[in-house]
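The structure appears below as structure tokens.
These numbers come from a predicted model, not from an experiment. In what follows, chains carry the letters A, B, and so on, assigned in the order in which the sequence lines appear, proteins first and then strands, with residues in each chain numbered from 1.
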Amino acid sequence: MRVAYWPGCVSRGFTPELHGSMAAVAPLLDIELVPLDRAACCGAGVIAEHNPELADTLNARTFALAQQVDGAELMMNICSTCQGAQAECQQRLDADDDYRARVNATLARAEPGLSYERGLTNKNLLWLLVEEIGLETLRAKVRRPLTDLRVGPFYGCYIVRPRERVGIDAEHPRDTYLQLVIEALGGTVIDYAGTYKCCGFPIVTTNKHASLRQAGRHLADAQEAEADCLVVPCPLCHLNLDLQQPAAARELGRPLAMPVLHLPQLLGLALGLSPKQLALQKHVVRPTSVIDWSAAVVGAPA
Amino acid sequence: MPRTDVLIIGAGLAGQRAALAAASAGASVAIVSKVHPVRSHSVAAAGGINAALDPGDSWESHAFDTIKGSDYLGDQHAIEIMCRAAPDEILWLEHAGVTFHRGEGGRLGTRAFGGASAARTYYVADITGQAILHVLYEQLMKHHAVVDRYEEWFTTELLLDDDGRCSGAIARDIRSGHLDLFDAKTTILASGGAGQVFKPTTNALICTGDGIAQAYRIGASLMDMEMVQYHPTTLAENGFLITEGARGEGAQLFNAAGERFMERYAPNKLELASRDVVSRAEQTEIDEGRGFPDGTIALDITKVPRKRTLEALREIVNIGRDFAGVDITREPIHIKPGMHYMMGGVKADVDGRTDVPGLYAVGEVACLSVHGGNRLGANSLLDTLIFGRRAGEHAAEHALGRRAPRAPAAKLRDAQAEIDAILAREPSAGSRRIAALKDELGTTMNEHVAVYRDADGLATAHAIVRRLKEQAPRAAIDDRGTVFNQDVLAAFELSYMLDVAEAIVVAAQERRESRGAQFRTDYPRRDDDAWLHHITISRNGDGEPSTGSAPVTITRWQPQERTY
Amino acid sequence: MADYTLRVRRFDPDDHQGPYWQEFAVALEPHRSLLEALLAVKGEQDGSLALRCSCRAAICGSCGVRAGGRARLACNTHLERVADADGAIVVEPMGNMPVIKDLVVDMDAVHWKKIHRVTPWLLPEAPEPEREHLVPHAAMVDVTQTMACIQCGACVSDCLSLEVDPEFVGPAASAKAYRFVGDPRDGAQEQRLRDLAEDEHGIYDCTHCFSCIDACPKGVAPMDQIMRLRRIAGVDHEIVDHNNGERHEEAFATLIHDYGLLHEAELLPRSYGGNSWFGKFHPAAGLELVESLPAIAKAVLRGKVKPGQALRGHRLARGDLDAVHAIYDAVEAGAPSERERVAARDGGGQS
């Protein structure tokens with residue numbers, strides 16, 4: 001399937017391993033990524049805090065660009081924060097015709113011919129996997145079942161709350177998708193306290209201690225629950241959980257050694273790619289130094 | 001042993017307003033509430049508060065509407081005081097910070113309400129009671145240095161000294177189980193109504209008539225106890241209130257045949273006739289087979305523009321969605337009359353004084369009477385504030401210069417012994433559970449003492465209440481602990497409810513007439529010659545309550561035929 | 001009728017044992033509320049089960065509990081929505097507050113303490129008008145959202161910042177603060193904002209997790225109110241707090257203007273040192289950069305980040321950046337204050 005692909009800012013900045021592994025994994029999932037290179041940052045909720053109309057207009061431009069991609073079935077992102085921040089803007093734009101017209105007028109002045117039409121479908125990779133590709137298809141594509149790999153899911157706030165905006169309901173139990181995907185890939189889901197909590201990234205500059213305490217706690221809880229690794233669909237969470245893990249350990253006053261995988265990396269391993277191809281060695285907390293891969297990942301590589 | 005000039009029992013609108021007024025007047029004040037003050041049932045009052053503030057309106061018009069609404073049982077001098085004082089009270093509230101709805105030019109705006117000849121109801125969306133109650137509590141927090149708050153303390157009895165004067169109360173700290181004696185120069189009862197005597201009811205679980213029973217037990221008379229208001233629009237299953245504000249905004253009532261039947265019963269005011277008229281109309285439609293199979297009537301709020309509903313009736317949107325599975329902006333909601341308010345209560349004068357010296361009563365617990373046989377919507381909030389303030393001022397003034405009472409410690413020991421006895425209750429073969437007794441009481445009252453009553457039904461109810469009074473002292477107790485023991489409190493509340501129920505039934509039996517909220521099918525006419533007076537109830541040892549009468553004060557409005 | 005098992009977390013301080021689980025079987029129709037189920041247990045099985053409740057209609061705020069792991073009112077929680085496939089419902093007291101007994105928590109120690117913290121009464125500007133203050137209709141409609149808070153504590157219970165920082169002012173108190181900041185009659189807007197912006201545990205301590213928005217039964221959306229408070233403080237009043245809150249927000253907005261994409265290496269120093277290229281030379285920024293050196297060094301070592309690229313950041317192409325600039329010019333310059341935004345919501349005046 002062809003998707004208008006919004007990679008976000010951080011995947012091209014401080015978590016390049018995410019961007020690369022998504023590119024590697026897409027063809028294996030029959031996803032054709034048409035990158036929205038012209039689009040601007042989603043604002044991460046911070047621009048909306050500063051000036052809601054500014055965030056709405058910047059994202060309306062992104063949506064409009066996505067709508068211009070020929071043959072794209074929907075827009076896809078690889079970041080919980082982008083998903084949530086964009087959904088908030090889209091909700092405001094879709095709810096009020098007059099407001100949307102005004103934003104579109106600004107867009108037209110900034111870039112003639114650009115206009116956002118109400119009702120774009122914007123999905124995070126996680127949702128796409130379950131809702132568009134399907135767990136059965138995913139299962140069938142697995143080359144290296146993640147047998148014996150104990151994975152702790154960490155969603156990231158913006159993709160599970162608020163429930164109504166995120167669209168969690170009986171038909172779309174989106175707050176279970178990470179667990180379902182882990183299992184479809186052959187892994188074991190680890191139940192621990194931090195699954196739906198906050199990594200602390202939003203306050204890392206305003207209250208560093210509280211920020212690191214959050215990250216540290218969830219990592220420690222996963223460690224106590226004997227997870228081999230966490231999997232996250234958000235690079236901002238990844239930064240606070242992986243890049244900041246040594247600092248979090250210092251804040252907590254206890255050792256932490258919990259590898260954190262991006263969702264495409266977990267997918268890639270199961271679909272047969274090697275850790276090197278998925279740039280796992282770029283992580284601050286290296287998976288290869290913690291997991292005995294020959295024991296944890298059973299089955300011949302593809 | 002806390003000692004105070006003014007002790008206030010109950011922290012709803014009346015109690016909090018009295019506290020602020022008494023403190024402003026320089027008295028030391030203690031306010032006791034069995035729940036956190038913002039949980040008081042005033043919080044559920046939805047539609048608004050009446051005042052003839054608009055220059056085009058007049059307090060006389062407000063007073064007349066109230067008197068007519070009361071079916072001429074209201075005491076007109078008290079009503080005059082209330083209606084005259086209303087405009088200033090609204091401004092006082094606005095200055096304190098209440099977030100009233102605004103109209104033209106940023107001025108206070110009104111909505112229409114039942115039984116009113118002009119739009120004079122000031123409101124905050126459909127959470128007026130909450131908005132005012134929370135603002136009053138903000139003021140109590142601000143004045144914490146002069147008002148001592150005893151939050152989650154359960155009053156178990158009022159104290160009488162040897163001269164027959166109320167000297168304070170005994171209350172239990174629910175959190176710790178510690179019992180204490182409050183010595184007070186004056187005591188203001190503001191403990192609300194007794195809706196839990198009926199099932200279903202719009203009232204909260206805490207509305208168990210504590211104050212009414214406590215005052216009754218130390219000799220205060222009760223008045224107009226037969227006057228129990230059934231609100232026209234309550235949810236059938238659980239009795240939840242759908243505010244009159246909906247009808248004020250233009251919602252209409254329909255029977256199962258799709259007929260707007262109020263055109264037959266109240267051709268002028270239609271859905272905004274007084275509550276007893278509308279409730280009787282609905283009940284008649286239901287009894288005569290024109291209601292829906294579940295015994296309800298349709299309230300159609302889709303007649304109100306959707307944007308307006310979402311702005312001014314948010315609460316009902318929530319209630320419809322959460323408790324009836326209905327989107328009121330798209331379909332009608334099914335309702336029926338449900339027990340809602342007690343016009344009757346502890347007999348008090350316009351300064352809140354009861355016939356027990358030192359004891360005041362204000363708000364729903366009291367009966368002045370400003371509501372007579374039927375209360376108009378949006379007049380209760382007004383009643384609590386006007387008379388709450390007056391009682392607070394009067395009690396403060398009265399307390400100054402008086403010597404503080406000092407109740408003997410024996411009273412506290414006796415009270416503790418009573419509680420210990422409850423805790424020591426052994427389960428026995430015949431003991432029923434408190435919840436089961438409550439249930440039977442409520443169902444009985446709702447069946448025989450509701451919109452339409454008759455002698456046989458009332459006699460049946462009376463007999464059942466008496467039987468329940470015998471069973472109550474042996475009701476099972478599970479919790480023997482001290483911390484947050486709600487079982488013990490439930491035992492107290494049950495006994496209060498039974499006293500109140502008995503008073504209601506006896507009063508209803510005594511009034512052989514239909515007036516206001518009381519409609520007797522065996523005495524269907526209003527008979528001013530024989531019955532234009534209040535019925536009072538007083539304790540008579542352990543026997544049947546004795547009945548008496550009190551005159552209705554008429555100033556300038558002679559009773560007329562009452563049609564809408 | 002359906003069969004449910006309530007698994008209740010109980011605690012009785014009198015028995016010196018500590019918390020324990022107890023199961024109760026209840027049969028009720030699925031659309032009935034959790035409160036009705038709990039009251040059935042209390043009424044028919046065990047009167048010692050302690051819980052606060054009163055109105056049953058989601059207006060008094062008494063019956064806050066955690067059901068299925070999330071804080072909510074027991075009275076408007078339908079059994080079928082919160083039971084698992086086997087009809088089991090886990091019921092616990094609300095979080096972040098000490099437990100007094102069973103489902104009753106000490107709201108005074110946490111919730112009400114924080115409410116007190118924000119001076120929760122109107123501070124009107126003197127002199128008082130003779131009649132009512134004249135207030136725009138839209139402003140009263142706006143603060144009705146925060147006035148609708150029934151002080152149930154559900155947001156406080158589930159606040160993730162409070163979990164790691166018990167001194168955080170919290171969502172309920174912040175919403176209460178907005179109730180006054182947004183009220184044109186209050187004369188202390190700037191002081192209130194300065195106080196909460198400069199407090200290390202104030203409005204910039206919110207971790208933006210949306211838990212309070214989900215927990216709130218009344219649509220108060222506390223987190224949204226916190227964001228508004230930040231906006232009014234930083235943008236309308238230009239309060240530059242020492243917590244880096246305003247600087248962070250300004251820097252983010254500026255960087256997106258200048259680059260179109262987030263420039264992480266600039267964002268960090270500017271948040272500490274001020275919103276300009278020179279921000280990184282401010283002592284505060286310097287200190288932070290030194291503290292972050294280990295993390296930065298590791299990132300470079302792993303090849304995650306190339307120093308040159310990190311320092312340069314990545315920019316949108318010229319044409320796209322022009323479009324971004326045009327959008328900023330149209331929307332950011334001359335942006336209305338929050339008060340103006342509220343007033344613009346309706347014609348102002350007639351209902």
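- Checked by atom type and distance alone, the side chain of C:R231 never pairs as donor or acceptor with a backbone atom of A:N51 at under 3.5 Å.
- Other residues, nucleotides and ligands place no more than 12 heavy atoms under 6.0 Å from the CD atom of A:E164.
- Nearest heavy-atom pair across A:Q214 and C:T207 is NE2-OG1, 3.3 Å.
- In this structure, no portion of C:Y259 lies under 4.5 Å from any heavy atom of chain A.
- Taking the six-membered ring where the residue is Trp, C:H208 and A:Y158 present parallel rings, their angle staying beneath 30° rather than reaching 60°.
- The candidate from C:D320, C:V331, C:I327, C:D205 with the greatest count of non-hydrogen atom pairs under 4.5 Å with chain A is C:D320.
- Proximity to chain A involves both the backbone and the side chain of C:L160, based on heavy atoms less than 4.5 angstrom apart.
- Only the backbone of A:A39 comes within contact range of chain C, with heavy atoms under 4.5 Å apart.
- A donor-acceptor contact shorter than 3.5 Å is absent between the side chain of C:D165 and the backbone of A:A210.
- For the pair A:L58 and C:I256, the minimum side-chain heavy-atom distance is below 4.5 Å.
- Ion pairing between a basic and an acidic side chain is recognised when a charged N comes within 4.0 Å of a carboxylate O; C:E291 and A:K208 show such pairing.
- Residue with the most contacts toward chain A among C:S211, C:C206, C:A253: C:S211 (heavy-atom pairs, distance under 4.5 Å).
- Listed for the C:E332 side chain is no donor-acceptor partner under 3.5 Å among the backbone atoms of A:L54.
- Formation of a donor-acceptor pair under 3.5 Å by the A:T205 side chain with backbone atoms of C:S271 is not found in this model.
- When C:G260, C:A326, C:C209, C:S161 are compared by the number of non-hydrogen pairs under 4.5 Å with chain A, C:C209 comes out ahead.
- Chain A forms the most heavy-atom pairs under 4.5 Å with one residue out of C:G303, C:G234, C:G69, C:A330, and that residue is C:G303.
- Only the side chain of A:D242 comes within less than 4.5 Å of a heavy atom of chain C; its backbone N, CA, C and O stay farther away.
- Ionic pairing of A:R213 and C:E163 is not present here: no N-O contact between side-chain nitrogen and carboxylate oxygen is shorter than 4.0 angstrom.
- Comparing C:E338, C:H314, C:K298 by heavy-atom pairs within less than 4.5 Å of chain A, the highest count is held by C:H314.
- Using a 4.5 Å cut-off between heavy atoms, C:A317 does not touch chain A at all.
- For a residue to count as touching a neighbouring chain, one of its non-hydrogen atoms must lie under 4.5 Å from one of that chain's; by this rule A:R38 touches chain C with backbone and side chain alike.
- One finds no salt bridge joining C:R228 and A:E49 here, because no Lys/Arg side-chain nitrogen approaches an Asp/Glu carboxylate oxygen to under 4.0 Å.
- Only the side chain of C:V305 has a heavy atom closer than 4.5 Å to any heavy atom of chain A.
- Interface residue C:E200: only backbone heavy atoms are found under 4.5 Å from chain A.
- Interface residue C:Y204: backbone and side-chain heavy atoms are both found under 4.5 Å from chain A.
- Neither the backbone nor the side chain of C:R315 comes within less than 4.5 Å of any heavy atom of chain A.
- For A:V103, no part lies under 4.5 angstrom from a heavy atom of chain C.
- Listed for the C:D214 side chain is a donor-acceptor partner under 3.5 Å among the backbone atoms of A:R163.
- With a 4.5 angstrom heavy-atom cutoff, C:L262 touches chain A via backbone and side-chain atoms both.
- Residue contact with chain A, scored on non-hydrogen atoms closer than 4.5 Å, involves the side chain of C:R341 exclusively.
- The residue among A:G45, A:P52, A:P246 with the most heavy atom pairs within less than 4.5 Å of chain C is A:P52.
- Contact annotation for A:A48: only backbone heavy atoms (N, CA, C, O) come within less than 4.5 Å of a heavy atom of chain C.
- Residue C:D84 qualifies as enclosed at atom CG: its count of foreign heavy atoms under 6.0 Å is above 12.
- For chain A, the nearby parts of C:L261 are the backbone and the side chain; heavy atoms of each come within less than 4.5 Å.
- With a 4.5 angstrom heavy-atom cutoff, A:R12 touches chain C via backbone and side-chain atoms both.
- At distances below 3.5 Å, at least one donor-acceptor pair connects side-chain atoms of C:K304 with backbone N or O atoms of A:F14.
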